[in-house]
2 protein chains.
Amino acid sequence: MTTLRDIAEALGVSRTSVSNAFNRPDQLSPDLKDRILAKAKELGYLGPDPVARMLRTGQAGAIGIVFAESLPFAFSDPAAITLLQGVAAVCEPVDKALVLLPALDEAAAQTAIRSAAVDGFIVYCLPEGSPVMPALRERGRPLATVDQRPIPGIPAVRIDDRAGAETCARHLLDLGHRRFGIIAMEMNLTSTGGLVTGDRFADSRFSGTTERLRGYERGLGRAGILLDQVVIYEADDPGEEAGKTAALTVLQQSPRPTALLVMSDRLAIGAMQAAEALGLAVPRDLSIVGFDDIPAAAQVTPALTTIRQPFFEKGRTVAAAVLDPAATPDVTLFPYDLIVRSSTGPAPDRAVGS
Amino acid sequence: MTTLRDIAEALGVSRTSVSNAFNRPDQLSPDLKDRILAKAKELGYLGPDPVARMLRTGQAGAIGIVFAESLPFAFSDPAAITLLQGVAAVCEPVDKALVLLPALDEAAAQTAIRSAAVDGFIVYCLPEGSPVMPALRERGRPLATVDQRPIPGIPAVRIDDRAGAETCARHLLDLGHRRFGIIAMEMNLTSTGGLVTGDRFADSRFSGTTERLRGYERGLGRAGILLDQVVIYEADDPGEEAGKTAALTVLQQSPRPTALLVMSDRLAIGAMQAAEALGLAVPRDLSIVGFDDIPAAAQVTPALTTIRQPFFEKGRTVAAAVLDPAATPDVTLFPYDLIVRSSTGPAPDRAVGS
DNA sequence: CCGGATTTCTGAATGCATTCAGTCACGGTG
DNA sequence: CACCGTGACTGAATGCATTCAGAAATCCGG
């Protein structure tokens, strides 16, 4: 394998000059530059080795992203994809590559983190207490988190999930609903799903789940409804199928809820399928509110009422935070919006409201 | 900044031992190992520098992916995402990270390629003659292409686009259609879109576009229909909006086509929106066939008839090809399937067929 | 033709860890 | 007691390029 040195020797010039020929051609007489480049081609030199350059300059030219779940799984999440788009949109103009760290499990994530050549890490949706976080800190690189519980000293990007969820609850209350079901996202990495009682949520490791539940609680509380009066089902994964399974159970409780508070659009879309399977018309018999406003939310029939949050912007912001940690506030809170579409309507029979 | 050497000196042991303490703890007496680890912690050592290790071992522990378009754009493509999932599924178990190379434009892609610390590259959907390809070869790393014209000596993964497209055409022919419109994907990176004649496709740089058109041509040829008897519109980007714009024009030609051959599902979904805007019922007034079978194809109403191709599998295969180039055949052709759903039906008035 | 400003080029230190081929000491064996 | 195998540990070469400070050469005006 040819190196800078070989070329320098073959030509009787210094290594510096060869390096300059590639990196700062203006520092060299055109003649020498051409001779160097020609010799390089002749010897089959592949150009300065990027790794050696990194070692010398201390710049990796890349930033890493770590997800709580395995990569193929993370890619199935439209919200994560949009976030990634935002991240890419700021990395690209500054020529930073994006490194997706494999995270088959927590151990794998840790080794990946230890051996990643990156200038900083974006941390997405890690559960509280994850051992991945210490591994990240040990690398001593800039860090920023998104959609997880803020850690003091590390820039965090998120929305006010609690307030968003409260808004959902109030929307349904305003429509006259009084019997609710809640379909929750996972509370931790190893969730098996199933019906749960409100207090078990104290164990939740995922900030989004915890906060949204608290938000529902607060919202429903305004009508005097307590969490143990509502059916709560924890989905065992973030996919539509899990939402369907969850809703199937929730909708077979009696008295049947007239409205479903669902923590994500994917789950909500699954819930709509369940409603259809049970012959319930949405929103006539059942109202459903999602969360996130993923692209599919507007496309399903009926279109989903949901909370919109700016994933793309969030992506841009975390990326910027990692790129320039100094200029970043501790936590950036983005606005959210209730988008009322066709999946919510007046409670079917107000007289029955508990 | 603390290094291996500092610890070795502080403890009066060799660098080798310190290195071993981290990488091969079994080579060391437990006592020494503990002392080293303790001292490392004490001195705030962050662990062996991954870049230095890469330099020494020649392993980057990552593979790069290059797209023809800018990253945020690439992420909007459901097919690319599924492919990525497949790639991730094989990289993850072998602890390889995935490096997304920024490609704001071709020049940016080239610098990114030159400075990426990766063990190999996956090349997705590059147009023919792209200057990115030579840059890739210069790096001298394993390469594999997917969804683009195969390059001799480089493993390629694809489907038989031509045959797939021919199948679409025959399907419509079998339903009695005789007046066709074609909505084509971009022919090159700088396409501005618009109506085109069949022969201009000789200029197409994107293999998928070229092949699919040839396939339509061959299919329609069986009924004696030549390409210049059909309206062809080249979309100016891969998005749904572009499909709608295209279809709006195509459907206003007279005589109006009774069937649309659309080169991708995203464009096809856009075309369905156009049909709706024009008050045409699908499939009663107009049949539409897409290509790719992205998840949305099954979800739109009416569900889209399309060609299914195994993106996930394709991803796995290219990734495997880069990881182990020796064991890889020159070109891997995946099967495709015509999935007949509800967007195609009998021609409205067979008597009018040209 | 001279002094100083430029331009061009070089030396050598530096970044950090891995790894092969041993050395050394110790315990067991005949 | 001599010899050998084994485990523990070390030396030093090696991977490849960047960069600062300064030397050498060239050029300018006067």
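The sequence lines fix the lettering, A, B, ..., with proteins before strands; numbering per chain opens at 1. Keep in mind it's a predicted model, so treat the numbers as computed, not measured.
Taken from CG in B/Leu43 to CE in B/Met1, the straight-line distance is 12.5 Å, to the nearest 0.5 Å. In this structure, CD on A/Glu9 lies 7.5 Å from OG1 on A/Thr3, to the nearest 0.5 angstrom. With rounding to the nearest 0.5 angstrom, the CG atom of B/Leu83 is 11.0 Å from the CD atom of B/Glu313. A distance of 7.0 Å separates OG in B/Ser115 from CE in A/Met54, rounded to the nearest 0.5 Å. Here the straight-line distance linking atom CD1 of A/Ile36 with atom CG of A/Leu4 works out to 9.5 Å at 0.5 Å rounding. Within the model, atoms OG of A/Ser130 and CG of A/Leu136 stand 8.5 Å from one another, a figure rounded to the nearest 0.5 Å.
Residue B/Leu55 contributes atom CG, which lies 13 Å from atom C1' of D/dA13 at whole-angstrom precision. Rounded to whole angstrom, the span from the CG atom of B/Leu4 across to the P atom of D/dT14 amounts to 19 Å. Atom CD of B/Gln59 and atom P of C/dC16 are 22 Å apart (whole Å). Protein atom CD of A/Gln27 is 11 Å distant from nucleotide atom P of D/dT19, rounded to whole Å. Rounded to whole Å, the distance from OH on B/Tyr45 to C1' on C/dG15 is 12 Å. When rounded to the nearest whole Å, the span between CZ of A/Arg5 and P of C/dA12 equals 13 Å. Taking atom CG of residue A/Asp49 and atom P of nucleotide D/dT18, one finds them 9 Å apart after rounding to whole Å. One interatomic measurement links the two molecules: CD1 of B/Ile36 to C1' of D/dA8, which rounds to 11 Å at whole-angstrom precision.
The side chain of A/Ser29 contributes an N or O atom lying less than 4.0 Å from OP1 or OP2 of C/dC9.
Scanning residues 8-26 of chain B for heavy-atom distances under 4.0 Å to DNA chain C yields B/Arg15, B/Thr16, B/Ser19, B/Asn23, B/Arg24.
The aromatic rings of B/Phe75 and B/Phe67 sit tilted, their planes meeting at an angle between 30° and 60°.
Not a single donor-acceptor pair under 3.5 Å links the side chain of B/Asp119 to the backbone N or O of B/Ile63.
Comparing atom distances between the B/Thr57 side chain and each of D/dA8, D/dA17, C/dT18 picks out C/dT18 as nearest. When each of D/dT18, C/dC16, C/dT18 is scored by its nearest atom to the side-chain atoms of B/Arg56, the top-ranked nucleotide is C/dT18.
Side-chain contact check for A/Asp6 versus A/Tyr45: every heavy-atom pair is 4.5 Å or farther apart.
One axis for each end of the helix from C/dC1-D/dG30 to C/dG30-D/dC1, each built from five base pairs, and the angle between them comes to 40° at 10° resolution.
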